[in-house]
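Just below is one structure, and these are the notes that go with it.
Note: hydrogens, waters and symmetry copies are ignored here, and every other heavy atom, side chains too, is used. Starting from 1, each residue takes its place in the sequence as its number.
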Amino acid sequence: MTERTFSILKPDATERNLTGAINAVIEKAGLRIVAQKRIKMSRTDAEQFYGVHKERPFFGELVETMTSAPVVVQVLEGEGAIAKYREIMGATNPAQAADGTIRKLYAKSIGENSVHGSDAPETAKVEIAQFFPDAEIVG
Ligand code: ATP
Ligand code: MG
């Protein structure tokens with residue numbers, strides 16, 4: 001089934017000029033980038049986006065990290081896009097990520113792990129709507 005997922009190329013990736021390198025992995029996996037923009041996340045954006053983690057000990061650090069430099073927000077489209085992107089991202093902790101995954105190739109640490117991808121259809125919908133009006137998504 002063709003579906004859409006929400007992706008973020010995180011500050012550690014944009015700072016190291018890895019937008020193109022990560023997009024190449026995404027496109028090679030057969031996912032299409034149907035919306036993309038580079039933004040500086042506000043604190044409010046980041047707190048809302050990661051609201052599910054607000055009681056976790058790393059929440060403050062997570063918000064600081066996500067607002068520390070520009071990010072690239074994207075909508076990816078393809079067959080089983082949500083699971084496929086999670087697969088090519090690799091495990092949250094790069095030390096546990098499989099060979100060839102984005103996090104294995106590029107992540108610096110669990111906190112600076114280069115990419116975000118939605119984890120389910122409901123979260124994908126909410127996350128896409130936080131950053132993209134329908135008119136900015138061109139499939
Ligand atoms: P994401 O939601 O960013 O795609 P994920 O779904 O693999 O990542 P989550 O459990 O949702 O992982 O955690 C969200 C983000 O919070 C992680 O990507 C990571 O940057 C940060 N994070 C998670 N656990 C830790 C931790 N123990 N210490 C520091 N940061 C963490
Ligand atoms: Mg997550």
Side-chain angles (χ1 to χ4, degrees):
M1 183 188 61
T2 298
E3 64 183 3
R4 289 176 173 173
T5 191
F6 181 72
S7 161
I8 303 177
L9 311 189
K10 296 185 179 183
D12 72 275
T14 64
E15 273 179 324
R16 287 178 291 155
N17 221 16
L18 291 170
T19 299
I22 294 173
N23 279 351
V25 178
I26 290 170
E27 290 185 330
K28 201 170 289 175
L31 294 168
R32 305 183 73 82
I33 301 164
V34 295
Q36 173 171 257
K37 60 190 171 190
R38 180 174 166 110
I39 60 166
K40 183 85 186 324
M41 260 201 194
S42 66
R43 173 165 288 273
T44 313
D45 282 337
E47 286 175 351
Q48 181 185 330
F49 185 76
Y50 278 123
V52 65
H53 296 307
K54 68 174 179 297
E55 306 304 333
R56 308 280 285 276
F58 58 81
F59 183 68
E61 182 189 322
L62 180 57
V63 170
E64 285 304 315
T65 305
M66 292 301 290
T67 54
S68 65
V71 299
V72 175
V73 289
Q74 305 174 315
V75 179
L76 309 180
E77 186 177 87
E79 273 296 304
I82 295 169
K84 182 177 280 184
Y85 191 42
R86 297 289 299 189
E87 187 186 323
I88 65 166
M89 284 164 54
T92 308
N93 182 348
Q96 282 149 21
D99 282 348
T101 60
I102 294 167
R103 284 168 167 166
K104 177 71 168 195
L105 287 167
Y106 301 118
K108 293 164 78 171
S109 65
I110 190 166
E112 293 186 288
N113 60 2
S114 304
V115 284
H116 161 80
S118 307
D119 56 17
E122 309 76 57
T123 48
K125 200 165 182 240
V126 171
E127 292 173 1
I128 290 169
Q130 186 181 345
F131 293 96
F132 290 103
D134 284 349
E136 288 183 15
I137 306 169
V138 184

Worksheet item: Does the side chain of Arg4 come within less than 4.5 Å of Leu76's, by heavy atoms?
Response: no
Side chains of residues 89-102: which donor-acceptor partners sit under 3.5 Å, not counting sequence neighbours?
unit_1, atom_1, unit_2, atom_2, d
Asn93, OD1, Ala95, N, 3.0
Thr101, OG1, Ala98, O, 2.6
Thr101, OG1, Lys104, N, 3.3

Worksheet item: Would you say Leu31 and Thr5 make side-chain contact, with heavy atoms under 4.5 Å?
Response: no
Worksheet item: When you look at NZ of Lys37, are more than 12 heavy atoms from neighbouring residues, nucleotides or ligands closer to it than 6.0 Å?
Response: yes
Worksheet item: With clusters built from Ile, Leu, Val, Met, Phe, Trp and Tyr whose side-chain heavy atoms come within less than 4.5 Å, directly or transitively, what are the remaining members of the cluster of Tyr50, listed by chain and number?
Response: Phe6, Ile8, Val34, Ile39, Met41, Phe49, Phe58, Phe59, Leu62, Val63, Met66, Val71, Val73, Val75, Ile128, Phe131, Phe132, Ile137
Could you list the donor-acceptor pairs under 3.5 angstrom formed by side chains in residues 22-29, with sequence neighbours left out?
unit_1, atom_1, unit_2, atom_2, d
Asn23, OD1, Gln74, NE2, 2.7
Asn23, ND2, Gln36, OE1, 3.0

Discussion item. If I take atom OG from residue Ser7 and atom CD1 from residue Ile33, how far apart are they, to the nearest 0.5 angstrom?
Written reply: 8.0 Å
Worksheet item: Should Arg32 and Glu77 count as an ion pair when the cut-off is N to O under 4.0 Å?
Response: no
Discussion item. Any non-hydrogen side-chain atom of Glu79 less than 4.5 Å from a side-chain atom of Thr2?
Written reply: yes
Item to complete: Evaluate whether atom NZ of Lys108 has more than 12 neighbouring non-hydrogen atoms of other residues, nucleotides or ligands under 6.0 angstrom away.
Response: yes
Discussion item. Under a 3.5 Å distance rule, please check whether Arg16 uses its side chain to pair with a backbone N or O of Tyr106 as donor and acceptor.
Written reply: yes
Item to complete: For residues Ala69 and Pro11, report the shortest heavy-atom separation together with the two atoms involved.
Response: O-CG, 3.6 Å
Worksheet item: Taking side chain as C-beta onward, heavy atoms only, is Ser114 less than 4.5 Å from Lys10?
Response: no
